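Since this is a predicted model, take the numbers as computed values, not measurements. Residue numbers count from 1 along this sequence. We use all heavy atoms of the structure for the numbers below, so side chains are in, but hydrogens, waters and symmetry mates are not.
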Amino acid sequence: MRLNLTSEIVLNKIPEEFYKPKTAVERSEITRCEKIHTDIFPTIDEGTKHLVDLIEIEIKVKQQKGANCIVALGTGNSLTPVYQELIKRHREQGLSFQNVIIFNAYEYFPLGSDNPHSSISQLKERFLNHVDIPAENIYTLDGTISQDMVNTYCRQYEQNIKDLGGLDIALLGIGRMGNIAANEPGSGENSTSRIILINEILREEMTLSFGSHESVPPCSITMGIATLLSANKILLAGWGEEKADILQKTIEGPITDAIPASFLQGHNDTHVILDLPAASRLTRIVRPWLVASCQWTDKLVRSALVWLCQLTGKPILKLTNKDYNENGLSELLALYGSAYNANIKIFNDLQHTITGWPGGKPNADDTHRPERATPFPKRVLIFSPHPDDDVISMGGTLRRLVEQGHEVHVAYQTSGNIAVGDEEVTRFMHFVNGFNQIFMDNANEIISEKYKEIKDFLKNKKDNISDSRDILTIKGLIRRGEARTACTFNEIPNERVHFLDLPFYESGTIEKLPMTEKDVVIIQELIHTIQPHQIYVAGDLADPHGTHKKCTDAIFAAIDEEKNAGEAWLNDCRVWMYRGAWAEWEIENIEMCVPMSPEELRFKRNSILKHQSQMESAPFLGNDERLFWQRSEDRNRGTAKLYDQLGLSCYEAMEAFVEYKFMEI
């Protein structure tokens, strides 16, 4: 069973020469916009192996000289696959770490003794406890010391590094704000090890380690920028689309303390190792025509013309030969013969993505429509990772599918229970207890006892304590009730609303369990029963907590199993991927765009507002302060505005979709 099919999604096939040049001359040409040596690999696995090769070489060179290899290590999620590969080589290939000395790059502050969430505890759990590094070779910043000793301690930490000969390698990940180690925006190039206040964005990233936002300590003790730059070699790993924007700014943008990682541009031996999604905003990937000759595909031409429209401020049909020539697109003039020919081709391609019939228009010529006319009506299955992603991401399309007579099912993949605040539990328990006292004459002692038990638990709950199973169940019921209310509002009957409660989600903490075959089987049983003609899934793979990716992987695995079993219903099924809360599809990739009127957008907002627990009290809004309904409306209006600026139809808002061609896997 293949459990990671989302990693094989390729929306734009990048020619190999743009990430794997054959010669130094080719590399020099395509990387002209990059200020740091950057290697790009198709997958995380390939990138990880290359990075570990570099580490292994350094360790063995030092071993041959009888010297120690001094390494600074971080604990970000980007480094987890690196540590797994290092452990694998230690166990299977005998790679020894006896001569390696580790300096922990940062530690949370203040901490109690033996805090399981400390940076060094995570480092030991993920790596150090599984290899043969001598205990005396492990140095760490101390989050338990008194605050008045921090400065003295940091100076000693710097001296320890110097006394051992300085850092040979600094192995780092990168945060969403360009932080390296815990050096936040504003950190100076000359900064050394010090205490630093953790800002809200970095705190949000650290909730995965601590289980809740409140339990993340207010400060961190970190190696400084100058400390990291003193290393002979710096290796920075970046995986996934969610890091693409900050990596582009780090690698191609100006050096600025607003992006601490940009200081790596001044280091003479820094290597950035990326997978293709993480590299997706680099010029050679997103605008290759600016660095070399291209193999022009329809999507690349669409991307180039949209970029040219934005650059010139013109709609597509007003672009001229001069616009093409002055902005590096003369190849397209040679290919199409004139600007007009290219313009009309892309204008028509984009116009054909727009449809008011997401389920297909019956008795219509569907040659240029995104969806086929038959069968009609269709059985439609909408998967929602959390109990509100359906209305946030495609609420307008969902309602239109229902109104146009399709048999619409919604499957909520997880309970979403950890995203409910304690005050919501208290409010509902007050209601249940009051109902018990008024209408049941307090006859149900179980309710009264449970009310008191939960009330006492929440009153005495500490920041680092997970919810009890009873409280998680109540939180799940709250979200389930809200989802049912939203479905009723959208005229979806209860028998077509499915709550899957996938096991991987039920860890009780932000960090989830691995997605397994148990999750896939639950989904496979549902799709086999419904045998839909359309499936909608979340394409928000940049979801910072990873739930969307696991949910989508489970769906794709289930589809893959049905395909392997020879199920004929798949031959008449299309899978559409939506985005909504975290990002939107790039216009060159959009294959279906469903417009909404002002009234329809208002209906969508009201659907989202049925999820009351996710309004102002929702604990995981990320670094975007807008509420989910605001994000959704802004994004939908932004898509409509882009179509309008390109000279296409003008709508209030639009929801965009990309087809997942599962039969080609």
Side-chain angles (χ1 to χ4, degrees), residues 350-361 369-371 377-378 380-412 482-483 485-492 496-497 532 534-540 548 574-585 587 589-611 614-615 626-644 648-659:
L350 286 169
Q351 189 69 42
H352 292 154
T353 66
I354 303 172
T355 180
W357 295 83
K361 186 174 183 178
R369 291 180 174 274
E371 255 295 354
K378 292 181 173 67
V380 179
L381 176 55
I382 298 170
F383 281 102
S384 180
H386 300 96
D388 57 355
D389 287 310
D390 55 333
V391 288
I392 289 173
S393 301
M394 55 171 292
T397 303
L398 182 154
R399 191 173 187 88
R400 188 165 287 195
L401 287 164
V402 172
E403 290 175 342
Q404 291 174 352
H406 299 285
E407 180 187 313
V408 177
H409 296 253
V410 181
Y412 298 104
E482 292 170 344
T485 302
C487 285
T488 300
F489 178 76
N490 285 312
E491 300 180 7
I492 300 173
R496 295 181 191 166
V497 181
Q534 276 189 330
I535 296 175
Y536 289 86
V537 305
D540 264 327
H548 283 208
R574 290 188 183 178
V575 178
W576 292 98
M577 297 187 293
Y578 60 76
R579 286 182 171 179
W582 307 103
E584 185 54 278
W585 297 112
I587 194 167
N589 294 318
I590 294 173
E591 294 171 288
M592 180 165 70
C593 211
V594 181
M596 288 181 284
S597 67
E599 291 78 15
E600 288 171 319
L601 187 61
R602 188 164 58 250
F603 270 114
K604 174 174 177 173
R605 180 196 304 174
N606 289 336
S607 298
I608 298 171
L609 292 175
K610 301 302 180 187
H611 296 269
Q614 300 306 291
M615 292 301 103
R626 295 172 300 167
L627 299 177
F628 284 128
W629 70 266
Q630 294 170 318
R631 299 184 194 191
S632 178
E633 287 194 9
D634 290 348
R635 193 156 287 123
N636 295 158
R637 285 195 173 107
T639 301
K641 183 178 180 181
L642 179 55
Y643 270 74
D644 181 28
L648 294 135
S649 303
C650 179
Y651 293 99
E652 177 71 13
M654 303 176 88
E655 292 175 337
F657 301 87
V658 170
E659 187 179 359

Any side-chain to backbone donor/acceptor pair from [X] onto [Y]? Under 3.5 Å, distance only.
{"X": "Arg400", "Y": "Gly356", "result": "yes"}
{"X": "Glu652", "Y": "Met596", "result": "no"}
{"X": "Ser632", "Y": "Ile392", "result": "yes"}
{"X": "His352", "Y": "Pro370", "result": "no"}

Checklist entry - Do Val380 and Val402 come close enough that some side-chain heavy atom pair is under 4.5 Å? => result no
Item to check | Minimum side-chain heavy-atom gap Leu381-Tyr536 below 4.5 Å | outcome: no
Next on the checklist: Here's a test for you: under side chain to side chain contact (heavy atoms under 4.5 Å, CB included), which of Glu403, Lys604, Arg399 qualifies with Asn490?
Outcome noted: Arg399
Checklist entry - What residue among Leu401, Ile382, Val497, Asp390 forms side chain to side chain contact (heavy atoms under 4.5 Å, CB included) with Ile492? => result Val497
Checklist entry - Lys610 and Glu482: side chain to side chain contact (heavy atoms under 4.5 Å, CB included), yes or no, with the steps? => result CA-CA 6 Å; Lys610 301 302 180 187; Glu482 292 170 344; 5.7 Å; no
Checklist entry - Has Phe603 got more than 12 heavy atoms of other residues, nucleotides or ligands less than 6.0 Å from its CZ? => result no
Which distance, rounded to the nearest 0.5 Å, do you find between the [atom1] of [X] and the [atom2] of [Y]?
{"X": "Asn589", "Y": "Met577", "atom1": "CG", "atom2": "CE", "answer": "8.5 Å"}
{"X": "His548", "Y": "His386", "atom1": "NE2", "atom2": "NE2", "answer": "5.0 Å"}
{"X": "Arg602", "Y": "Ser597", "atom1": "CZ", "atom2": "OG", "answer": "8.0 Å"}
{"X": "Trp629", "Y": "Leu601", "atom1": "CH2", "atom2": "CG", "answer": "9.5 Å"}
{"X": "Thr639", "Y": "Arg579", "atom1": "OG1", "atom2": "CZ", "answer": "11.0 Å"}
{"X": "Glu591", "Y": "Phe657", "atom1": "CD", "atom2": "CZ", "answer": "12.0 Å"}

Shortest non-hydrogen contact from [X] to [Y]?
{"X": "Asp389", "Y": "Ser384", "answer": "N-OG, 3.2 Å"}
{"X": "Pro385", "Y": "Tyr578", "answer": "CD-OH, 3.4 Å"}
{"X": "His406", "Y": "Gly360", "answer": "NE2-O, 4.5 Å"}

Item to check | Lys378 vs Gln534, side chain to side chain contact (heavy atoms under 4.5 Å, CB included): CA-CA, chis, key distance, verdict | outcome: CA-CA 7 Å; Lys378 292 181 173 67; Gln534 276 189 330; 4.2 Å; yes
Checklist outcome for this item: Exactly one of Glu633, Glu600, Glu599 clears salt bridge (Lys or Arg N to Asp or Glu O under 4.0 Å) with Arg605, and that residue is Glu633
Checklist entry - Does one side chain, of Gln351 or Ser649, offer a donor that lies under 3.5 Å from an acceptor on the other? => result yes
Item to check | Check: Thr397/Glu655 side-chain N/O donor and acceptor closer than 3.5 Å | outcome: yes
Item to check | Test log, rule side chain to side chain contact (heavy atoms under 4.5 Å, CB included), inputs Trp576 and Met592 | outcome: CA-CA 9 Å; Trp576 292 98; Met592 180 165 70; 3.8 Å; yes
Checklist entry - For the residue pair Tyr412 and Phe383, is the inter-centroid distance of their aromatic rings smaller than 6.0 Å? => result no
Item to check | Audit row: Cys593, Met654, side chain to side chain contact (heavy atoms under 4.5 Å, CB included) steps and yes/no | outcome: CA-CA 6 Å; Cys593 211; Met654 303 176 88; 3.7 Å; yes
Item to check | Chi angles and distances behind the side chain to side chain donor-acceptor pair (under 3.5 Å) call for Tyr643, Thr353 | outcome: CA-CA 11 Å; Tyr643 270 74; Thr353 66; 2.8 Å; yes
